[in-house]
Amino acid sequence: MNARKSVDVALKVFTALTLALAFVLTFTVSDYYIFNRISLTDGEDSFNALFVISQWIKKSGYLLLPLAAYYKRRSCSDIAKYVLPAFIIAGFFTYGNFFEITMLTESASPADKVYASINEFIPKLAVQVLFFTAAGTELISCLLLFARDGFKVRAKSFAYLPCAILAVMPLNIFENFFDINDFDSNHFLWFKNFTVWHFEALFMLAVFTIGAYYVLRNQNGNTQRDFLSAAAITLLIQYHSKDSMVMGDGYNVYHTVFACIPLFICNIGVYVASLSVILRKRILYSISFFVHAAGALTVFFYFGKDEMSNYGIFCSYSILYFCLTHILLFALSVLPSALGHYKFRLKDCIVPLVYYCLVIVVASVASGIVSSASMDFSYDGYTLAEGEWLKPNYAFTQINPLPIPVYEIPFKIWKCEFNLLYLIILYLVYVGLFWIFTGAYYAFLGIRKKVIKPNAEDYKLEVIVSMPEQSAEAAFTDDDFNNRQ
């Protein structure tokens, strides 16, 4: 193995290690707690702007480094080499009271202390070790980029820096400008079903997906795949911001780590859709397209009973997170088919139908176990009372979000009662929606064949996807690297 190959392998290893450590760090309250508490100096519950900015820029490395290491994007390599190190080092000296953040405060209610005792399962010393180790591996990855790619840099590469920073923007950063407690559910800015903000979210879903299609359809296959992979990485970064938020300020009505278990259909879809474009596997494409595209679209049309949700105003974290992740999920589920990377076949629906059935079963069991176990959760002599028991987001299997009652055929999972008829109807209704969406897909194909001139690149991409032995990395060679942006 020559030196260049050794450096490339080391770069990929340290990049993977950085991402793994960053993932674990999202399960700490402090990770995103700082972004809506910015000040010029450290305070009791505020954080130095330089440190907050350094953490934001550092998170952009979670997008830039994999694109540079695994996809050999020259622009990402240039930015990572010359921008990230300064902000990573700045974080070493400006962290202030970052490691002192806790929700186990004197003013917290007894129930909140119970929740906090569960959420803060990573000891302070472990958080410190994780933080500095992750920063160190990210810094080493940047240095390895110098070793692999040299010191030459192109000025035009930095035009992509704002895009990288914007992609990983902490969505709670806007909360520096307002106090959510100043708004109630009757306020004009509050997000509810069928309000102006709801229709704006639908509009943004259409604009992003259709816009991305028209921008990408005339690009070559490598550019299309790189864009989809970058969108997938962005989705994963933003999705896991919820881990920290739910344990700190809360996300919607959820406030414990149990809500971070990915058993809600769209939560699982984040992984399926992201891996489908990264690994380019037909089975993942089919599940993503048939199940998760329709699922993401459905929740945009109806968010559930208003009284069951607490999204806040349109620019609060909960609604921005929900809209951004579901827009990216829908786009990643449909764009591979729209661009010709994958052609859905009727026989491809068999695995997704079984998969969705298993999701309902597993989510029901997990929901029953979590809710039942929470009835005995306690801290400092206080045990959670009824009304404080946990109902994570996959408790949709327990709670009917529709305004229509369903006749009950009860059964129990541990201490929780479920309605078997509701679960069956839930499955059948969504299966019906999947088929409706599939019908719309075939209608789209018919229109595209008549209106849009077929692109020869579509055929090439379909051939690539149909070859199971074709690895994601095979399309990217060192020769390609020298000619790419």
How would you list, by chain and number, every residue that makes a ring pair (Phe, Tyr, Trp, His ring centres under 6.0 Å) with F301, sequence neighbours excluded?
->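 Partners of F301 by the ring pair (Phe, Tyr, Trp, His ring centres under 6.0 Å) criterion come out as none, since no residue qualifies.
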Residues that F330 engages under ring pair (Phe, Tyr, Trp, His ring centres under 6.0 Å), provided they are two or more places apart |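 For F330, no residue satisfies ring pair (Phe, Tyr, Trp, His ring centres under 6.0 Å) once neighbours in sequence are set aside.
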Side chains of residues 121-132: which donor-acceptor pairs under 3.5 Å do they make with residues two or more places apart or in other chains?
residue, atom, partner, partner atom, Å
K124, NZ, E100, OE1, 3.2
K124, NZ, E100, OE2, 2.7

Do you see a donor-acceptor pair shorter than 3.5 Å between the side chains of [X] and [Y]?
{"X": "N181", "Y": "D179", "value": "yes"}
{"X": "S244", "Y": "T26", "value": "no"}
{"X": "T28", "Y": "D31", "value": "no"}
{"X": "N48", "Y": "T94", "value": "no"}
{"X": "Y70", "Y": "T15", "value": "no"}
{"X": "D78", "Y": "S157", "value": "yes"}

Taking side chain to side chain contact (heavy atoms under 4.5 Å, CB included) as the test, write out the residues that go with L161, two or more places apart.
->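 Applying side chain to side chain contact (heavy atoms under 4.5 Å, CB included) to L161 gives I79, V83, I165.
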Check: E175 main-chain N/O paired with N36 side-chain donor or acceptor under 3.5 Å =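 It does not hold such a pair.
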Donor-acceptor pair, side chain of N176 and main chain of F35, under 3.5 angstrom |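 Confirmed, N176 side chain pairs with F35 backbone.
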What about the rings of F289 and F437, do their centers lie closer together than 6.0 Å?
-> yes
Under 6.0 Å between ring centres, would you say that holds for F98 and F47?
->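 Here the rings of F47 and F98 have centres that are no less than 6.0 Å from each other.
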With under 30° as parallel and over 60° as perpendicular, where do the rings of F322 and F300 fit, or are they tilted in between?
->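 Geometry flag for F300 against F322: tilted rings.
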Under the side-chain hydrogen bond (donor to acceptor under 3.5 Å, both in side chains) rule, collect the residues that match up with S316, sequence neighbours excluded.
-> none
Residue list, side-chain hydrogen bond (donor to acceptor under 3.5 Å, both in side chains) with Y317, at least two apart or on another chain | S241
Minimum heavy-atom distance Y33-G248, with the two atoms named | CD1-CA, 4.5 Å
